[in-house]
Amino acid sequence: MTDTPQTRSDAPPTLPAQYQPGEVEQRRYEQWVSAGYFRADASSDKPAFSIVIPPPNVTGSLHVGHALDHTIQDILVRRKRMQGYETLWLPGTDHAGIATQNVVERQLAAQGLSRHDLGREKFVERVWQWKAESGGAILSQMRRLGDSVDWSRERFTMDEGLSRAVHTIFKRLYDDGLIYRAERIINWCPRCLTALSDIEVEHSDDEGELVSIRYGDGPNSIVVATTRAETMLGDTAVAVHPDDERYRHLVGTEVELPLTGRRIPIVADAHVDPEFGTGAVKVTPAHDPNDFEIGQRHGLPSLVIMDERGVISAPGPFQGLDRFEARRAVVEALRKEGRIVAEKRPYVHAVGHCSRCNTTVEPRLSLQWFVKTGPLAKAAGDAVRDGRVRIEPPEMAKRYFDWVDNMHDWCISRQLWWGHRIPVWYGPDGQVVCVGPDEEPPTGEGWHQDEDVLDTWFSSALWPFSTLGWPDDTPDLAKFYPTSVLVTGYDILFFWVARMMMFGLYAMNGRQPFHVVALHGMVRDQYGKKMSKSFGNVVDPLDWINRFGADATRFTLARGANPGADVPVSEEWCQGSRNFCNKLWNATRFALMNGATVAGELPPAEQLSTVDRWILSRLQQVIAEADEYFETYEFAKVCDVLYHFAWDDVCDWYVELVKPILAEGGPRADATRRVLGHVLDQLLRLLHPVIPFVTDELWTALTGGESVVIASWPVADASRRDEAAEAEIGKLQRVVTEVRRFRADQGLKPGQRVPARLSGLAEAGLAAHEKLIRTLARLDAPGDAFAASARVAVAGGVTIELDTRGSIDVAAERARLMKDRAAAEREIAQCRAKLDNPAFLDKAPAHVVDKVRTRLQVAEEDLARITAALEALPA
RNA sequence: GGGCGAUUGGCGCAGAGGGAGCGCGCUUCCUUGACACGGAAGAGGUCACUGGUUCGAUUCCAGUAUCGCCCACCA
């Protein structure tokens with residue numbers, strides 16, 4: 001073992017040939033947490049960088065969308081931490097009102113029970129119990145991913161502090177007249193039995209049937225069209241456009257409503273579109289938002305004909321029928337009476353569905369609580385308009401404006417039990433009292449609290465400041481509010497971001513909840529398809545973490561993350577990411593085996609070989625580029641730059657170039673060991689935010705440092721840039737590649753050594769690298785019996801004559817050269833055409849003209865070289 | 001119905017007013033003492049279509065087509 005490569009005297013850790021993530025990840029994460037790296041200190045005088053996590057559903061589990069969202073946040077936080085910021089990434093979970101309640105109700109249903117069987121108190125207890133059972137899952141999954149969150153500050157949207165925040169802001173809004181109670185048509189889910197806000201309703205184009213029904217008889221009859229025939233039972237008018245000549249004579253008269261015997265008025269209302277259908281519309285104020293408005297304008301009664309389950313409640317033959325059965329039955333009854341004018345025909349129109357259970361939403365007249373959004377939304381829009389909050393990518397801001405500028409009042413009451421109960425009490429004599437957080441609710445005979453709870457988004461809208469201690473004036477709030485960045489998918493720009501803006505600005509006296517909103521896309525499969533269970537293309541991040549490692553999973557996601565765009569991923573790409581981690585592992589392994597060192601200053605440039613100066617120069621460029629991409633949330637580019645530097649420059653070239661130097665030993669090898677150590681040290685730091693585990697494992701092994709988590713962030717050193725070295729190594733790479741190409745074309749085995757004579761190296765400035773070129777291209781020194789059988793001509797005037805110990809495939813080489821010649825000729829023609837164009841010379845910028853001249857010169861040299869090589873080929 | 005975006009090699013995506021790039025896949029060769037989760041060398045695209053601006057357009061503008069997303073109370 002005398003020829004063992006030099007190793008560090010203090011016996012470096014020996015690494016296995018393959019990186020095994022499992023054990024490393026668990027060990028590292030525990031160490032990070034116990035070392036307190038993630039704990040934020042509000043009393044620090046370092047500048048603050050804070051992010052609040054978009055709280056996932058407390059009883060949910062980590063899906064690949066979370067994994068993306070968390071990876072991005074962790075990247076930002078880890079880098080800032082290394083840059084010396086006091087960083088806080090605050091974790092927590094959301095109580096997710098309807099979603100969680102639905103889950104528990106399903107569990108009950110399995111036992112044949114409903115929530116009403118338990119009663120409110122018991123039911124809520126049961127939900128808390130479910131939270132206790134399942135609430136830990138997602139948190140431990142976040143640990144698996146490597147989230148560097150401050151666990152000491154974990155919050156829940158229904159914990160005591162947040163409940164007080166909810167209570168406080170409700171009271172304040174109420175007192176300011178921004179919360180009110182009113183009877184309105186709201187979106188109602190007949191299955192969840194609760195009101196829904198606009199954003200909880202998803203529209204899809206459904207096929208319905210449009211039927212035309214004749215109301216009244218004789219010349220005074222009028223035909224209306226509807227897709228919801230059953231609602232005619234609740235009609236209290238027919239409306240036509242005021243300017244519609246066809247019906248002018250009927251306005252003010254009454255018609256008989258079929259099946260009911262009621263007579264209803266015909267009114268004129270500008271809302272009616274005379275072009276649509278018959279130009280006459282039935283008016284059902286209790287079951288349609290438009291009709292409700294018309295009803296208000298004309299003082300029409302609202303007749304409720306359907307109960308909360310969508311079952312007909314109006315007395316008569318249809319009572320007790322479900323709304324869809326009733327629709328068929330009503331149409332049938334009308335047909336029997338000869339009231340159906342035009343047969344029903346298919347009609348595709350947008351229908352609202354409950355975003356939770358997909359049940360068709362029923363517009364329903366009911367008494368609900370609303371937030372008056374006008375002034376709040378205005379402020380939320382202005383904060384973005386005047387630049388206090390930046391939306392990334394900026395194109396997304398338009399969607400935001402569309403939303404905040406056209407927001408309806410927000411229905412915040414939900415007929416659920418799981419959530420923050422509305423802090424309003426009703427007295428026996430109709431009193432309504434909103435009770436503040438520090439006030440006692442009224443007691444006494446007949447007083448009772450509102451039964452409803454608040455929309456989940458009400459409490460999540462407070463997240464950026466309620467989690468920091470608001471309404472109290474806490475050190476956390478002072479230090480970390482406004483938060484630095486909010487990272488989330490564009491799909492909840494409206495759901496959540498706009499609402500945080502509204503409440504943040506309101507509660508914090510005009511101070512915005514965050515400086516930047518960084519939006520990412522949805523994770524998709526490798527064909528750009530949405531992930532769906534039915535399609536079977538859903539990725540489980542935990543599965544990937546188990547099989548490929550958390551780093552590989554994170555790298556795959558980050559590598560696909562272009563700002564605002566969807567992120568395609570696939571298992572193969574994750575394998576590729578794992579391979580990359582392994583590549584780093586082995587590069588570091590090589591460095592350790594060869595005594596790379598990180599101690600002391602880097603030697604000055606004069607003491608370094610061109611190869612070392614080249615890689616250091618490249619490193620500075622990479623630091624600068626990666627840094628810029630980090631700043632602009634261009635994570636795909638961050639990964640791209642670092643991946644290629646690591647793989648191409650460091651592994652494929654630098655390590656290979658350095659092997660002969662290290663083998664030689666001496667001071668040059670010492671310097672190279674120092675540079676190799678430095679480059680890997682810096683590279684691992686740069687990669688740490690993206691792939692924290694493997695980088696920490698390698699960095700500590702390489703440097704002996706405590707942890708790369710708390711290492712300083714690399715800063716580009718412009719004085720190490722060396723264009724001459726880059727040009728020189730670039731030339732060397734071209735020479736080597738060209739020889740390898742020749743060898744491959746000629747079918748020479750990669751390992752086979754071929755005697756060769758090199759000329760023109762000095763002129764090309766590569767005189768010092770002959771040995772390297774010979775090593776990399778596997779060319780031996782020409783012996784006494786050297787007989788050139790082939791000549792490879794390389795750009796820059798280098799010529800290499802090879803003794804292939806036999807004839808070469810002349811035809812193949814000729815074909816190759818002809819192809820190259822054609823390319824060179826094309827290039828020459830292109831350049832000449834430009835340079836012969838006076839307009840080009842006149843108008844094009846000087847550097848472009850210079851570039852074309854250079855290209856022409858290079859192409860001409862190439863052509864000469866290729867032509868010579870062709871002539872030298874044996875016939 | 002309104003708004004936004006996309007259209008670049010087999011697939012997924014970058015890109016910039018002046019020489020078409022990346023990953024995966026594909027072809028050929030190679031177990032060379034960091035790594036086969038590897039190495040070397042390749043093949044493959046008239047950058048959707050039509051006009052316009054420009055010395056020059058794949059890149060800017062307009063229109064067309066196709067696709068996607070968001071918003072929406074026209075029965």
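The structure presented is a predicted model; accordingly, all values stated were derived computationally and were not measured. Note on naming: letters A, B, ... go to the chains in the order of the sequence lines (proteins, then strands), and numbering restarts at 1 for each one.
Nucleic acid contact class of D652(A) (heavy atoms, under 4.0 Å, all strands): sugar-phosphate only. Using a 4.0 Å heavy-atom cutoff across all strands shown, T284(A) reaches no nucleic acid atom at all. Looking at heavy-atom distances under 4.0 Å, E656(A) makes contact with a base. When heavy atoms are screened at a 4.0 angstrom cut-off, Q18(A) is found touching base atoms of the nucleic acid. V655(A) comes within contact range of at least one nucleobase, with a heavy-atom separation under 4.0 Å. Using a 4.0 Å heavy-atom criterion, one finds that W653(A) contacts no nucleic acid atom at all. When heavy atoms are screened at a 4.0 angstrom cut-off, R855(A) is found touching base atoms of the nucleic acid. Residue V272(A) is in base contact, counting any heavy-atom pair closer than 4.0 Å across all strands shown. Counting non-hydrogen atoms under 4.0 angstrom, N562(A) reaches the backbone sugars and phosphates but no base. Counting non-hydrogen atoms under 4.0 angstrom, K819(A) reaches the backbone sugars and phosphates but no base.
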Please enumerate all protein N or O atoms sitting under 3.5 Å from an N or O of nucleotides 54-56 of chain B, with distances to 0.1 Å.
unit_1	atom_1	unit_2	atom_2	d
rC55(B)	OP1	K843(A)	NZ	2.3
rC55(B)	O2'	N837(A)	ND2	3.0

Contacts under 3.5 Å, N or O only, protein and nucleotides 45-47 of chain B:
none

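For K583(A) against rC35(B), a side-chain N or O and a base N or O form a donor-acceptor pair under 3.5 Å. At a cut-off of 3.5 angstrom, counting only N and O atoms as typed in the model, there is no donor on one side facing an acceptor on the other between the side-chain of Q575(A) and the base of rC37(B).
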Q. Once Watson-Crick and G-U wobble pairs under 3.5 Å are found, how is RNA chain B written in dot-bracket notation, 5' to 3', with | for any base paired to another strand?
A. ((((((((.[[[[.)..(..]]]].(((((.......))))).....[[[[[..)....]]]]])))))))....
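By the 6.0 Å and 45° rule, R559(A) does not stack over the aromatic ring of W573(A). Annotation: cation-pi geometry satisfied between R399(A) and Y490(A) (NZ/CZ under 6.0 angstrom from ring centroid, within 45° of ring axis).
Considering only side-chain N and O atoms, R741(A) lies nowhere under 4.0 angstrom from the phosphate OP1 or OP2 of rA41(B). For rG12(B), neither phosphate oxygen OP1 nor OP2 lies less than 4.0 angstrom from any side-chain nitrogen or oxygen of K529(A).
Put simply, the side chain of R184(A) never gets that close to the backbone of R364(A): no donor and acceptor are under 3.5 Å apart.
Rounded to an integer number of Å, the gap from E628(A) CD to rG15(B) P is 13 Å. Computed from coordinates, the D648(A) CG to rC22(B) P distance equals 9 Å when rounded to whole Å. What separates OH of Y247(A) from C1' of rA75(B) is a distance of 13 Å, to the nearest Å.
Residues D288(A) and K282(A) are not paired through a salt bridge, judged by the lack of any N-O separation under 4.0 Å between the basic side chain and the carboxylate.
Between F635(A) and Y629(A), the distance from one ring center to the other does not fall under 6.0 angstrom.
Using a 4.5 Å heavy-atom threshold, the side chains of T737(A) and F742(A) count as separate.
Side-chain N/O atoms of D269(A) and H298(A) include a donor and acceptor closer than 3.5 Å.
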